[in-house]
Every structure is written in C-alpha cells, then in structure tokens.
Amino acid sequence: MTSDDHSGPDHGPAPAPRPGTASRPGTGRRPDDGPAIEAEGLRRRYAGGFEAVTGITFAVERGEIFALLGTNGAGKTSTVEILEGLAAPDGGSVRVLGHDPYRQRAAVRPRIGVMLQEGGFPSDLTVSETVRMWAGCTSGARPTGEALDMVGLTGRARVRVKQLSGGERRRLDLALALLGRPDVLFLDEPTTGLDAEGRRDTWDLVRQLRETGTTVLLTTHYLEEAEALADRLAIMHAGRVVTSGTPAEVTASRPARIRFGLPAGIPAARLPLSLRAAQQGARRVEIRTHDLQRALTELLGWARDQGVTLDGLDARSASLEEAFLEIARSSGDRADTVEV
C-alpha cells in the first residue's frame with residue numbers, strides 16, 4: 001500500500017491548509033511542528049463493548065524508528081489502524097504530522113506510506129506492472145526502477161506476482177509503501193518470510209530512510225528486529241502500554257545472567273554468598289544479577305583462587321526477548337498505563 005490513495009471519499013471536513021502554513025487551533029503550533037505521531041488517551045471499542053485500546057498516550061518524534069510491540073490481542077493492530085487513518089478513535093485524540101489522520105485524510109495520506117501484512121496484488125501482473133499501477137495512484141511517485149532497486153527486485157521486474165516467493169512479495173510490499181517518498185512510514189511485520197540476508201538488507205534500508213528524515217513506526221514479532229532497529233519502543237498488553245523507552249532502558253530493569261558448569265565435586269554452595277546461584281542439573285549453574293561487571297569479576301576471582309575451571313562460561317545482559325516474556329507473564333492484572 002502506498003502513500004496516496006484516491007479510492008473512496010475523504011472523511012470529514014476539507015483538508016487543512018498546506019502543512020507549514022497554518023497553526024492547529026488552540027495550540028499556536030503549526031502542523032509540521034512537534035512529533036510526527038501523537039496519541040493522547042487513545043481508545044478503541046468493538047461491537048459488544050470490548051475495548052481493545054484503553055486510553056494510551058505516546059508520541060513518536062520526527063526521524064525516529066519506533067517499535068510498537070505486544071502480546072497477541074494486546075491492541076497494537078487496532079492502534080496502528082487508527083494512526084493510519086483507517087478507523088476513528090472511540091476516545092482520545094491522534095495526530096499524524098499535525099493532522100487528524102481520519103478526518104483530515106486528504107492532508108495525511110499523500111505523506112505516509114503503509115506496508116500491510118498482506119498486499120493483495122493482482123497475481124497476473126508483473127512486478128513492474130504492479131509498481132506502475134500503484135504509481136498511477138500516488139502523488140510524486142518514484143520511478144519504477146528506483147523503487148525496485150531500493151528493495152532488490154530489479155532482476156525480478158518482468159516476473160509475474162504469482163511467481164514470486166513469499167519474501168519477494170514482502171519486498172514488493174515495501175517498494176509500494178516507499179513509492180510516494182513518505183514522511184511517515186508504517187511497517188507491519190516487514191520481514192516476515194524473508195531469509196536472513198533479506199532481513200538484514202531491509203534493516204539497512206530502514207536505517208537509511210531514518211537518516212534521510214523519514215519517521216518509521218514498526219510492528220514486529222521478531223524482538224531481535226526491534227532491538228536492532230528501534231530508537232524507542234513500547235510494549236502493549238491488554239490494551240495498555242505497560243513499558244516503554246529505548247531498548248536499553250527496557251532491558252536494563254531485568255537482571256543479567258551468568259551461566260557456567262562446575263567441576264565434579266564442587267557444589268554451587270561453595271560459591272561466594274554474594275553470588276546468588278540457582279543449580280541447573282547436576283553441575284550447571286546460573287547467576288542472575290543487576291550488576292553484571294561486579295558479579296562476573298567476583299566469580300572469576302573466586303574461580304582463580306580456588307583453581308576452578310568454569311566450563312562453558314557465558315555472561316550476558318538481559319535481552320529484549322527476556323524482558324518481553326517477563327512482561328507477558330506478569331502484566332495481566334496491571335491496571336496503570338505508562339506514558340511513552
């Protein structure tokens with residue numbers, strides 16, 4: 001899906017004046033001032049009264065890569081649909097580039113790119129024909145060759161869409177999302193189906209887009225991807241944002257771990273009392289600590305003094321995956337909302 005779409009009527013009033021020429025009522029701020037994306041007290045309800053998003057507040061700065069993560073049913077898809085202008089909020093407010101993306105759709109759509117989980121392309125068109133068709137509905141579209149080159153599909157330009165692999169279709173999705181040179185790019189699971197090389201190439205492209213000033217909001221199930229790309233992230237659970245910050249800030253609150261094996265005849269009870277250890281099997285030991293350098297220094301000093309070899313020694317800080325899993329297990333009854 002690309003950055004402009006002339007299908008269907010515009011929602012609400014006529015588009016606002018050209019960005020940068022008028023202030024938002026009551027704010028004294030022009031639309032192109034401030035964050036690229038703002039949500040305040042955002043809520044979304046479905047039939048039957050189910051509230052999928054329960055009053056979240058966050059902002060995404062211009063030129064930032066922001067990852068929105070969540071457990072299944074957390075509400076992130078409902079949130080992103082509102083940000084993209086596909087649905088109106090049931091409470092609170094949202095601004096994208098200073099405009100309401102639903103009521104001022106005509107002002108927002110030419111400036112955003114959307115990569116959905118499934119593109120739904122006509123299967124009998126070639127790759128280049130698909131791009132040209134999308135370009136016909138896109139203001140200021142890139143040349144077809146440039147769009148395909150950005151995602152590594154130049155050599156597949158004459159291949160029919162139905163003959164593409166799943167990973168190649170994802171790259172075509174991305175090419176179409178980039179056609180209109182968007183100021184804000186929404187990426188929904190962008191590397192699903194890609195091999196390791198394709199994933200890394202996509203990461204490099206996203207970083208290049210950030211360097212040119214594009215704001216990226218990313219959803220992904222690959223926590224390694226969020227950790228590698230995101231300047232900041234938020235984790236949703238049960239319709240709320242339960243933690244947020246830089247990847248380092250989110251993981252810093254979780255303990256690091258040290259794992260190793262002890263020789264036969266050396267029980268874990270021989271370790272210094274300051275190193276709280278958990279036995280794993282007959283000889284494997286795990287230590288969890290919030291001060292990795294101090295604990296590791298003490299452990300290595302003890303091993304040297306005792307003449308003990310620590311088999312398979314492995315020390316590392318907490319990963320985003322560990323933080324995510326802990327949040328998923330522990331936040332089910334959490335009632336507060338953390339502001340991003």
Side-chain angles (χ1 to χ4, degrees), residues 1 5 8-13 15-16 24-27 29 31 34-62 64 66-109 111-112 114-117 184-189 215-221 226 230 232-245 250 324 327-328 330-340:
M1 193 170 185
D5 183 0
D10 187 29
H11 298 284
R24 283 171 47 188
T27 66
R29 195 171 79 193
I37 299 172
E38 299 174 274
E40 185 172 352
L42 187 64
R43 294 181 178 271
R44 189 175 183 188
R45 301 182 187 90
Y46 289 92
F50 172 69
E51 194 166 44
V53 182
T54 58
I56 66 173
T57 296
F58 67 92
V60 180
E61 300 301 326
R62 294 173 188 261
E64 180 177 49
F66 187 92
L68 187 62
L69 310 176
T71 54
N72 289 332
K76 61 183 184 299
T77 298
S78 296
T79 299
V80 172
E81 287 178 349
I82 294 173
L83 300 179
E84 293 170 347
L86 301 178
D90 293 298
S93 64
V94 60
R95 293 277 167 175
V96 175
L97 298 169
H99 301 282
D100 183 317
Y102 186 79
R103 298 187 180 279
Q104 297 175 301
R105 184 179 177 86
V108 176
R109 288 294 295 129
R111 301 182 62 192
I112 68 174
V114 178
M115 181 181 179
L116 301 175
Q117 288 190 37
V184 175
L185 178 63
F186 294 94
L187 299 178
D188 193 357
E189 305 290 342
T215 303
V216 179
L217 189 142
L218 164 77
T219 68
T220 179
H221 282 100
R232 290 188 304 127
L233 59 87
I235 300 178
M236 293 186 67
H237 181 81
R240 299 177 175 88
V241 172
V242 295
T243 192
S244 62
V250 171
F324 182 89
I327 288 167
S330 64
S331 61
D333 297 324
R334 181 168 175 152
D336 60 316
T337 298
V338 179
E339 190 169 304
V340 180

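Atom CD1 of Ile112 and atom CG of Leu97 lie 8.0 Å apart (nearest 0.5 Å). In this structure, OG1 in Thr79 is found 9.0 Å from CZ in Arg44, a value given to the nearest 0.5 Å. Rounding to the nearest 0.5 angstrom, the gap separating the CZ atom in Phe324 from the CG atom in Leu233 is 10.5 Å. Rounding to the nearest 0.5 Å places CG of Asp90 at 10.0 Å from OG of Ser78. To the nearest 0.5 angstrom, Leu187 atom CG is 12.0 Å from Gln117 atom CD. Residue Thr77 holds its OG1 atom at 6.0 Å from CG of Asp188, rounded to the nearest 0.5 Å.
Minimum interatomic distance between Arg43 and Ile82 (heavy atoms only, all atoms of both residues): O-CD1, 4.3 Å. Contact record, Leu42 with Ser93: CD1-O, 4.4 Å, taken as the closest heavy-atom pair. Contact record, Ala36 with Thr215: CB-OG1, 3.6 Å, taken as the closest heavy-atom pair. Taking both residues in full, the closest heavy atoms of Ala59 and Arg232 are given as O-NH2, 2.6 Å, listed atom of the first, atom of the second, then distance. Annotation for Gly75 and Val53: closest pair O-CG2, 3.6 Å, computed over non-hydrogen atoms. Nearest heavy atoms, Tyr46 versus Ala52: CE1-CB, 3.5 Å.
Using a 4.5 Å heavy-atom threshold, the side chains of Val250 and Ile235 count as touching. Using a 4.5 Å heavy-atom cutoff, the side chains of Val242 and Met236 are not in contact. Taking 4.5 Å as the limit, every side-chain heavy atom of Val216 sits out of range of all side-chain heavy atoms of Glu64. At a threshold of 4.5 Å between non-hydrogen side-chain atoms, the residues Val80 and Leu217 count as touching. No side-chain heavy atom of Leu218 sits less than 4.5 Å from a side-chain heavy atom of Phe66. When side chains are defined from C-beta on, Asn72 counts as touching His221, because their heavy atoms get closer than 4.5 Å. Looking only at side-chain heavy atoms (C-beta outward), Phe186 and Ile37 come within less than 4.5 Å of each other.
A donor-acceptor pair under 3.5 Å links the side-chain atoms of Arg105 to the main chain of Gly85, judged by distance alone. Checking side-chain atoms of Thr54 against main-chain N and O of Gly239 turns up a donor-acceptor pair under 3.5 Å.
The pair Arg95-Glu40 does not meet the salt-bridge criterion, since no charged nitrogen lies less than 4.0 angstrom from a carboxylate oxygen.
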